[in-house]
> 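Here you go, one structure.
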Amino acid sequence: MVELAFSILAADFAHLADEIARAERGGGTIVHVDVMDGHFVPNITFGPPVVQAIRPITKLPLDCHLMIEDPDKFIPDFAKAGADMISVHWETCKHLNRTLQHITDHGMLPGVVINPATPVDFLVEVLPMVHHVLVMSVNPGFGGQNFLPRSVERIAHLRRMRQEMGLNFRIEVDGGVADDTVESVVRAGADMLVAGSAIFAHGKAEENARQFLRIARRAAEVSV
Ligand code: DX5
Ligand code: ZN
């Protein structure tokens with residue numbers, strides 16, 4: 001099943017609860033929370049207090065994408081704040097197995113993220129332990145960037161590895177995913193679709209989400 005994980009980075013922060021409610025009414029089923037520290041990526045966003053603030057306003061799972069150095073240090077805080085899924089960057093983890101285990105031990109679903117320049121094959125040792133793999137389709141740090149077309153082949157490659165290894169992790173994609181790019185990533189095998197600016201544009205999250213999902217589901221039907 002393809003799902004929309006709407007990224008609140010592009011939402012109107014002064015009306016975050018309304019924005020989340022609109023995206024949810026439009027069919028979004030995962031809240032994607034982009035956590036940036038100004039070190040791993042050249043931007044700063046939000047952390048556990050924002051996760052804690054949105055926890056009571058929605059029943060949807062909270063998918064926290066940690067673009068931070070030393071993620072291990074903050075995993076307990078995100079668990080306490082109510083996060084359901086945590087994704088950590090391959091590029092930031094010295095002992096990735098340990099970090100993924102740490103996430104699981106805190107009762108959350110672990111995911112690993114790779115930047116566009118990191119070979120998909122580098123994930124082979126951790127694939128059996130993850131709930132999802134997040135393939136970045138832009139360099140992380142900002143919303144509203146252009147989709148990198150190589151990402152389509154990277155997703156397809158990951159899907160082949162999944163099949164060869166007999167695993168069933170989910171494939172998430174993040175960055176520049178919009179009405180004009182979503183079809184290609186769904187056909188390649190992505191089923192957790194992160195979208196920020198495409199959803200929150202013009203204060204019309206409900207309509208945008210509905211349209212986005214219509215395109216994504218149609219692509220999923222033709223590719224089975
Ligand atoms: C980028 C973030 C993305 C971002 C996506 O570093 O990880 O989740 O919010 O935004 P759009 O959909 O605008 O590319
Ligand atoms: Zn993200």
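Read the numbers this way: they start at 1 and go in the same order the structure lists the ligands and their atoms.
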> Using a 4.0 Å cutoff against the non-hydrogen atoms of P140, which atoms of ligand 1 qualify?
6 (O)
> For ligand 1, find out whether one of its N or O atoms is nearer than 3.5 Å to an N or O atom of V138.
no
> So do F212 and V182 actually touch side chain to side chain, heavy atoms under 4.5 Å?
yes
> Checking H157 against D121: is there a side-chain donor and acceptor pair closer than 3.5 Å?
yes
> Would you give the length of the straight line joining atom NE2 of H32 to atom OG of S87, rounded to the nearest 0.5 angstrom?
7.0 Å
> Mind checking whether S197 contacts ligand 1 via backbone (N, CA, C, O), side chain (CB onward), both or neither, at a 4.0 Å heavy-atom cut-off?
both
> If the cut-off is 4.0 Å to any non-hydrogen atom of L9, which atoms of ligand 1 fall inside it?
9 (O)
> List every atom of ligand 1 that sits less than 4.0 Å from any heavy atom of V194, numbering the atoms from 1 in the order shown and giving each element.
8 (O)
> Going by distance only, is there an N or O of H65 that falls short of 3.5 Å from an N or O of ligand 1?
yes
> Listing residue and atom name, which protein N/O/S atoms are closer to the Zn ion (ligand 2) than 2.8 Å?
H32 NE2, D34 OD1, H65 ND1, D174 OD2
> What's the separation between atom CZ in F46 and atom SG in C64, rounded to the nearest 0.5 Å?
9.0 Å
> Atoms of ligand 1 less than 4.0 Å from A195 heavy atoms?
12 (O)
> Passes ring pair (Phe, Tyr, Trp, His ring centres under 6.0 Å), H89 versus F40? Steps please.
CA-CA 10 Å; H89 272 260; F40 175 58; 4.8 Å; yes
> Could you please spell out the steps behind the salt bridge (Lys or Arg N to Asp or Glu O under 4.0 Å) verdict for R217 and E221?
CA-CA 6 Å; R217 296 208 169 110; E221 275 164 28; over 6 Å; no
> Could you tell me whether R187 and E183 have a side-chain N and a carboxylate O separated by less than 4.0 Å?
yes
> Just jot down the ligand 1 atoms closer than 4.0 angstrom to any heavy atom of M36, in number order.
6 (O)
> With atoms numbered from 1 as shown, which atoms in ligand 1 lie under 4.0 angstrom from a non-hydrogen atom of H32?
8 (O)
> Quick check on contacts: which atoms of ligand 1 are under 4.0 angstrom from a heavy atom of M67?
6 (O), 7 (O)
> Between the side chains of R160 and E164, is the shortest nitrogen-to-carboxylate-oxygen separation below 4.0 Å, so that they form an ion pair?
no
> Among protein heavy atoms, which lies nearest atom 2 (C) of ligand 1, and at what distance?
D34 OD1, 3.4 Å
> State, without any angle test, whether T45 and D34 hold a side-chain donor-acceptor pair at a distance under 3.5 Å.
no
> Tell me, do L109 and D84 make a side-chain contact under 4.5 Å, heavy atoms counted?
no
> What do you reckon, is CD of Q163 surrounded by more than 12 foreign heavy atoms closer than 6.0 Å?
no
> To which protein heavy atom is atom 14 (O) of ligand 1 closest, and what is the distance rounded to 0.1 Å?
G176 N, 2.8 Å
> What protein heavy atom is closest to atom 6 (O) of ligand 1, reported as residue, atom name and distance in Å?
G141 N, 2.8 Å
> Any nitrogen or oxygen of G144, side chain or backbone, less than 3.5 Å from one on ligand 1?
yes
> Under 3.5 Å, is there a donor on one side chain and an acceptor on the other for E69 and T92?
no
> Tell me, please, which residues at least two apart from H102 pass ring pair (Phe, Tyr, Trp, His ring centres under 6.0 Å).
H106
> Which residue owns the protein heavy atom closest to atom 10 (O) of ligand 1, what's the atom, and how far is it?
G143 CA, 3.6 Å
> Quick one: look up the protein heavy atom nearest atom 1 (C) of ligand 1 and list residue, atom name and how far away it is.
F142 O, 3.5 Å
> Name the closest protein heavy atom to atom 12 (O) of ligand 1, giving the residue it belongs to and the distance to 0.1 Å.
G196 N, 2.8 Å
> Just to confirm my output: which protein heavy-atom neighbour is closest to atom 3 (C) of ligand 1, and how far is it?
D174 OD1, 2.9 Å
> Could you measure the distance from the CD1 atom of I86 to the CG atom of D63? Nearest 0.5 Å is fine.
8.5 Å
> What atoms in ligand 1 come closer than 4.0 Å to a heavy atom of G175?
14 (O)
> Inspect the contact between R22 and E19 and indicate whether a charged nitrogen and a carboxylate oxygen are less than 4.0 angstrom apart.
yes
